[in-house]
Amino acid sequence: MSNYDKVMKLALERGFYFPSCEIYADAPAGFWEYGPTGVSIKNKFIDLWRRELVRRDGMMEVDGCQIMSKSVFVASGHIGNFTDPIVKCTKCNSIFRADRFIEEKTGQRVPERLSNEEIDSLLKNNGLKCPNCKGDFGPVSRFNMMFRVGIGPAGEEAYLRPETCQSIFVDFSRVFKTMRGRLPLGIAQIGKSFRNEIAPRQSLLRLREFYQAEIEVFCNPKRLDDVPRFDEVKNTTLRLFKDGDGAVIAVSAGEAVEKGLIPNRLVAYYLALLTEFYEKTGIDVSRSRFRRLSDEEKAFYASVAFDFEVETSTGWLELVACNYRSDYDLKGHAETSKEKLEVVDPADQQKVLPHVFELSMGIDRSLYTILEHSYYEEQAKDETRAVLKLKPYLAPVLVGILPLMTKDGLGEKARRIHSDLKRDFDTFYDESGSIGRRYRRLEEAGAPFAITVDQTTMQDDTVTVRYRDSMQQVRVKVPDLAQFLRDSLLIK
RNA sequence: GCGACGGUCGUCCAGUUUGGUCUAGGACAUCAGAUUGCCAAUCUGGUAACCCGGGUUCAAAUCCCGGCCGUCGCACCA
């Protein structure tokens with residue numbers, strides 16, 4: 001069984017995530033829901049993101065709407081660039097990207113701005129047929145990855161946002177003014193985005209409705225090396241990779257800038273913050289890399305782009321897109337809306353239209369990767385022990401509270417300890433089955449600790465605390481438990 | 001979206017070839033009770049499934065058609 005399958009099984013069995021609307025046969029692909037344990041780890045992941053990125057860097061957070069007006073996407077370029085010309089075979093219904101298909105077959109460039117009719121005649125003049133069945137093509141149509149919605153009784157055209165960042169761009173002016181912003185300013189947002197993927201696959205890895213944690217750093221393009229906090233990260237190791245170059249180069253952030261591997265300190269600073277963040281999620285960053293994208297691969301708005309990728313059982317998985325978007329977005333919104341979006345940079349009292357460096361994180365993929373990198377099996381006696389070695393601050397259950405047996409007042413004592421702790425910590429009380437079985441259940445669910453109430457507890461008011469990973473036990477006084485657990489949650 | 005293969009308790013699997021003792025079986029998980037009492041113990045009992053819709057038939061988990069979902073390959077992935 002592949003690791004993907006193991007994580008999938010664990011997710012279904014333990015309520016991390018599962019298909020949306022699964023009791024109905026017409027449930028569409030690409031939609032998944034988080035169950036109780038999944039929500040818990042997701043919320044904790046987001047808390048960690050706020051701590052390590054938003055608060056650390058003094059960013060501001062907003063929460064925008066998921067439905068946005070058509071104009072937003074005219075300005076962003078999604079209405080133009082997000083539509084692909086497609087043709088469908090009239091015989092076997094295969095669908096092809098018309099422009100790419102023509103380029104591939106004839107070698108001639110197909111400009112983006114050709115009309116459907118012009119592409120039609122290109123197909124006809126070159127005598128192109130369906131490569132699968134030699135059937136004729138129907139007329140060229142447009143496929144847009146955005147979900148269109150109709151507002152009000154007239155069905156006014158609007159869209160579900162395909163990326164959360166557009167909210168940040170349209171909010172930028174007000175946030176900057178009212179919150180007394182200064183460049184560089186990070187504005188962050190957690191929220192859902194929607195893309196009508198042609199072929200969603202692999203549960204959380206390719207969704208039609210998904211969570212993004214995005215950060216847009218607004219900056220003055222003349223001051224991209226003016227990063228006061230750069231010293232904090234100059235020794236942080238960045239793992240850089242470029243297709244064709246072969247191996248990953250591990251260099252410090254400072255060195256990466258000096259050697260020109262990264263164009264400026266601002267970009268290097270945020271790549272370093274991101275690396276430090278992911279290290280704290282428990283993902284094995286020695287299996288990660290920042291892949292510098294070639295011009296062909298980059299999004300239409302990006303001038304420099306790095307993908308943060310992590311190795312999983314499904315191959316290299318893109319968790320974060322880091323794009324230098326220049327002034328592409330603010331310029332587009334300024335032109336379309338006729339609003340002035342320049343701000344004054346106090347450094348030189350000059351007006352500037354800020355440039356943007358973006359960290360666009362896929363939350364669902366990150367959570368999947370945390371689960372996969374945290375899961376391991378080891379032989380314990382004749383049995384395989386399955387453990388989810390989640391960090392305490394990400395674990396849905398921090399501690400299980402188990403009476404060794406229910407008689408002699410041990411059950412009551414354990415329930416009392418549970419009720420004293422449950423409002424401050426994620427606890428789980430369990431008295432069913434043998435003690436060994438309960439330990440195994442907890443470690444498979446990722447709980448770092450188990451508290452066991454035994455006969456000694458009744459004499460000296462101590463319990464054993466068992467560590468998930470080492471299976472070692474220590475005795476702790478009951479009144480000290482809360483402090484013990486608080487200490488375990490510290491993020492180092 | 002195309003093609004190949006597949007879809008049975010929470011999970012994994014048997015049953016489908018050759019329609020009928022299938023009133024759908026097992027393992028693990030889970031629940032209750034008994035027993036035990038520090039690393040998946042034992043016993044007893046219970047809950048729990050044929051993806052959806054249509055068709056053929058005296059009879060469908062099994063055959064046929066359509067849809068949905070999944071895996072893989074192709075294509076797609078701003």
Side-chain angles (χ1 to χ4, degrees), chain A residues 1-2 4-6 8-15 18-31 35 73 76-84 86-89 91-97 100-101 104 112 130-133 135 143-146 162-163 165-166 193 195-203 205-208 210 293 297-302 305 307 314 318 321 323 325 360 362 380-386 402-408 410 431-444 450-456 463-464 466 468 471-473:
Chain A
M1 201 192 264
S2 76
Y4 173 82
D5 292 328
K6 284 176 182 167
M8 194 65 230
K9 185 180 178 201
L10 188 68
L12 291 172
E13 283 180 343
R14 299 284 174 192
F18 44 84
S20 178
C21 310
E22 63 176 336
I23 63 168
Y24 286 102
D26 65 350
F31 298 92
F73 302 109
S76 71
H78 285 90
I79 297 273
N81 291 296
F82 228 50
T83 59
D84 297 328
I86 53 170
V87 277
K88 192 168 171 179
C89 171
K91 210 164 127 198
C92 71
N93 289 331
S94 294
I95 290 184
F96 300 90
R97 267 287 291 272
R100 301 239 174 124
F101 184 69
E104 183 190 318
E112 271 184 25
C130 171
N132 294 343
C133 72
F143 178 72
N144 193 311
M145 298 263 292
M146 286 195 293
E163 51 183 17
C165 59
Q166 293 307 324
S193 292
R195 294 178 194 178
N196 201 356
E197 294 284 353
I198 296 171
R201 292 250 167 120
Q202 291 176 311
S203 61
L205 304 190
R206 204 132 129 233
L207 295 162
R208 288 187 164 127
F210 58 100
L293 269 51
E297 280 183 297
K298 282 185 308 199
F300 60 85
Y301 47 68
D307 277 353
T314 66
E318 176 194 338
N323 296 306
R325 300 177 72 122
S360 174
K381 293 195 180 165
D382 306 334
E383 220 72 43
T384 306
R385 185 171 96 104
L402 322 171
L404 191 57
M405 54 192 185
T406 47
K407 60 187 183 192
D408 297 341
L410 297 193
E431 59 178 36
S432 92
S434 73
I435 192 73
R437 173 193 292 270
R438 284 177 273 161
Y439 287 149
R440 293 299 154 80
R441 263 199 293 250
L442 281 169
E443 55 201 21
E444 198 182 13
I451 290 172
T452 308
V453 173
D454 56 19
Q455 284 88 350
T456 313
V463 292
T464 66
R466 174 188 184 267
R468 172 194 64 203
M471 300 198 281
Q472 297 296 309
Q473 288 180 307

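Chain letters run A, B, ... following the sequence lines, proteins first and then strands; every chain starts at 1.
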Point to revise | Distance test, side-chain N/O of A/Ser432 to OP1/OP2 of B/rU30, below 4.0 Å | key: no
Revision key, fill the gap. If pairing means Watson-Crick or G-U wobble with both distances under 3.5 Å, then the partner of B/rA61 is none
Check your understanding: Roughly how far apart, to the nearest Å, are B/rC9 and B/rC76 at atom P?
Key -> 36 Å
Point to revise | Partner nucleotide of B/rG1 by Watson-Crick or wobble geometry (both distances under 3.5 Å) | key: B/rC74
Review point. Between B/rU62 and B/rA29, how far is it from one P atom to the other, in whole Å?
Key: 31 Å
Review point. For B/rA29, does OP1 or OP2 lie under 4.0 Å from any side-chain N or O of A/Arg437?
Key: yes
Review point. At under 4.0 Å between heavy atoms, what does A/Leu404 touch on the DNA or RNA strands: base, sugar-phosphate, or nothing?
Key: base
Check your understanding: Can you tell me how far C1' in B/rA27 sits from the matching atom in B/rG15, rounded to whole Å?
Key -> 15 Å
Point to revise | No-H, no-angle donor-acceptor pair, A/Tyr24 side chain to B/rC68 base, under 3.5 Å | key: no
Point to revise | Pairwise C1' distance, B/rU8 and B/rC22 [rounded to whole Å] | key: 12 Å
Practice item. Answer yes or no: does a side-chain N or O of A/Ser434 lie under 4.0 Å from OP1 or OP2 of B/rA40? Key: no
Check your understanding: When only distance counts, do a donor and an acceptor, one from the side chain of A/Asp454 and one from the base of B/rC38, lie under 3.5 Å apart?
Key -> yes
Check your understanding: Hey, does A/Pro19 reach any base, or is it just sugar-phosphate, or nothing, if we go heavy atoms under 4.0 Å?
Key -> nothing
Point to revise | Residues A/Glu443, A/Arg440: salt bridge by 4.0 Å N-O rule | key: yes
Check your understanding: Can you find a side chain N or O atom of A/Gln202 that sits less than 4.0 Å from OP1 or OP2 on B/rC72?
Key -> yes
Exercise for review: Please confirm whether any donor atom in the side chain of A/Gln473 sits under 3.5 Å from an acceptor in the base of B/rC38, or the reverse.
Suggested key: yes
Point to revise | Separation between the C1' atoms of B/rA61 and B/rG25, rounded to whole Å | key: 13 Å
